[in-house]
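Quick notes on the structure that follows.
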Amino acid sequence: MRNRFVLSVVLLGASASLAIAQAPTTTSTQVRAAAPALAPAPGFRADALAQLDDVGKKIVDLAQAVPAEKYGWRPAEGVRSVSEVYMHIAGANYFLPSFMGGKLPEGFSRDSEKKVTEKAQVVDWLKKSLDNVRTVVSNTPDADLDKKVKVFGGREMTERGLIMVMGNHLHEHLGQSIAYARMNGIRPPWSEGASEPPPAKK
């Protein structure tokens with residue numbers, strides 16, 4: 001239930017979740033974001049990183065496949081545009097790891113989701129934010145996985161649970177991005193060469 005609550009907050013309030021004022025105070029654990037990413041031993045973190053790498057690559061590949069002129073497209077009024085979805089992903093990739101010692105980057109603010117709309121900049125932020133997730137998770141000691149951290153509203157969850165939230169959030173928006181792409185006639189790059197199902201009979 002706690003994981004669902006945290007994830008729902010992230011999805012419902014990008015501007016709130018990215019508020020720098022809500023970021024945790026600097027602690028010694030922030031060395032995780034600054035240190036080179038370490039290769040984890042087999043186990044939870046290695047499995048989590050494999051999943052994060054897979055979904056992250058698909059998101060970046062899809063973002064690169066979408067034409068620049070489609071970055072302002074949105075399925076309906078009041079719904080995130082293509083660029084806003086990708087920048088929301090990037091924002092969460094910085095904000096969620098900040099509870100585990102990750103550093104919020106210079107040049108990124110709560111307004112970035114609305115202001116950064118140019119394709120090359122969006123893709124660049126996506127790549128850097130995914131590197132941030134990988135670095136923080138890689139540098140989290142196994143002994144800290146059950147360590148409790150305070151997240152939204154002072155609620156507690158384990159660092160293991162927070163890593164799972166990061167993966168869930170990425171998969172949630174990968175699915176959204178696939179739907180956006182398909183609605184614009186764009187086929188996900190990783191499905192190229194695969195047989196497409198025949199159109200449904202009317």
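Being a predicted model, the structure only gives us computed values, none of them experimental.
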Under the salt bridge (charged side-chain N to carboxylate O under 4.0 Å, His left out) test, residues paired with Lys128 that sit two or more places apart: Asp124
I need the [X] [atom1] to [Y] [atom2] distance, nearest 0.5 Å.
{"X": "Asp53", "Y": "Leu130", "atom1": "CG", "atom2": "CG", "result": "8.5 Å"}
{"X": "Ile89", "Y": "Met87", "atom1": "CD1", "atom2": "CE", "result": "10.5 Å"}
{"X": "Glu156", "Y": "Phe99", "atom1": "CD", "atom2": "CZ", "result": "12.5 Å"}

Identify, with sequence neighbours excluded, every residue that meets side-chain contact (heavy atoms from CB on, under 4.5 Å) alongside [X].
{"X": "Asp61", "answer": "Lys57, Gln64, Pro189"}
{"X": "Asn184", "answer": "Lys70, Trp73, Ile186"}
{"X": "Ser83", "answer": "Tyr71, Ser81, Thr117, Val122"}
{"X": "Gln121", "answer": "Val116, Glu118"}

Hey, does the side chain of Arg45 reach the backbone of Thr140 with a donor-acceptor pair shorter than 3.5 angstrom? yes
Do His173 and Gln176 have side-chain atoms, one donor and one acceptor, less than 3.5 Å apart? yes
Side chain to side chain contact (heavy atoms under 4.5 Å, CB included) partner of Asn93, the single match among Val133, Ile59, Val136, Leu52: Val133
Could you give all pairs that pass the salt bridge (charged side-chain N to carboxylate O under 4.0 Å, His left out) test and reach residues 90-100, with sequence neighbours left out? none
Determine, for Arg74 against Glu84, whether the closest basic-nitrogen to carboxylate-oxygen distance falls under 4.0 angstrom. yes
Less than 4.0 Å between a side-chain N and a carboxylate O, is that true for Glu113 and Arg80? yes
